[in-house]
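See structure below.
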Amino acid sequence: MTSHARVLLVIARDPTLTLRQVAATCRISERTAQAVVADLEQAGYLHRQRVGRRNQYTLHLEGTFRHPAEAGISVRALVEIHDNRKAGTAPPPA
């Protein structure tokens, strides 16, 4: 899974995390986490809003992925698949 996908999933779980927390969870540097969040925001996958001293993120779950291998798959589908696998409700991959 790419860093972009990991960051997207971590933010989906908790949109109030700091970049430091996102980086630690994804096991990437804070600088990389910052670049990935900027990429995701520029591409329209999320919106960042300042709330007090922290950022809060809003995912655009109806957006679809651009890569030809995942074209037409929504962000919501990725988040749901990941959440179901974590909960043990999805079948294991073939």
Side-chain angles (χ1 to χ4, degrees):
M1 187 178 300
T2 66
S3 296
H4 285 68
R6 286 196 310 264
V7 167
L8 196 64
L9 291 171
V10 166
I11 289 173
R13 265 187 260 132
D14 187 351
T16 64
L17 290 177
T18 63
L19 277 178
R20 177 173 288 167
Q21 292 168 320
V22 170
T25 303
C26 294
R27 297 183 180 175
I28 57 177
S29 69
E30 285 183 58
R31 184 172 290 225
T32 300
Q34 183 179 21
V36 168
V37 167
D39 286 349
L40 291 171
E41 185 173 29
Q42 183 178 8
Y45 293 111
L46 62 81
H47 174 73
R48 179 177 17 187
Q49 180 180 356
R50 195 79 172 162
V51 178
R53 297 180 63 209
R54 299 179 78 161
N55 287 323
Q56 182 154 355
Y57 303 95
T58 304
L59 295 181
H60 300 288
L61 297 174
E62 300 312 318
T64 57
F65 293 104
R66 295 178 298 178
H67 191 279
E70 292 88 26
I73 298 175
S74 71
V75 173
R76 180 182 309 281
L78 174 70
V79 171
E80 287 174 355
I81 288 168
H82 186 264
D83 288 348
N84 288 341
R85 287 203 49 174
K86 276 197 110 143
T89 58

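The structure displayed is predicted, hence computed values, not measured ones.
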First locate atom CD1 of I11, then atom CG of L40, and finally report the distance between them rounded to the nearest 0.5 Å.
7.0 Å

More than 12 heavy atoms of other residues, nucleotides or ligands under 6.0 Å from CZ of R50: is that the case?
yes

Residue pair R54, T18: steps toward the side-chain contact (heavy atoms from CB on, under 4.5 Å) verdict
CA-CA 7 Å; R54 299 179 78 161; T18 63; 3.0 Å; yes

Give the minimum heavy-atom separation between G44 and H60, together with the two atoms involved.
O-CD2, 3.2 Å

If you round to the nearest 0.5 Å, how far is CG of N55 from CG of L17?
11.5 Å

Taking C-beta and beyond as the side chain, do T58 and L46 meet within less than 4.5 Å on heavy atoms?
no

Between E62 and S74, the two heavy atoms sitting closest are O-CB, 4.4 Å

Working to the nearest 0.5 angstrom, can you tell me the gap between I28 CD1 and Q34 CD?
11.0 Å

Any idea which heavy atoms bring S3 and V36 closest together, and the distance?
O-CG1, 4.1 Å

Could you measure the distance from the CZ atom of R13 to the CG atom of L59? Nearest 0.5 Å is fine.
11.5 Å

Sole residue of V37, D39, L9 in side chain to side chain contact (heavy atoms under 4.5 Å, CB included) with H4:
D39

Could you state the interatomic distance from CZ (R20) to CD (E30), rounded to the nearest 0.5 Å?
4.5 Å

In short, Y45 meets L8 closest at the heavy-atom pair CB-CD1, 4.3 Å

Which heavy atom of V79 sits nearest a heavy atom of A12, and at what distance?
CG2-CB, 3.9 Å

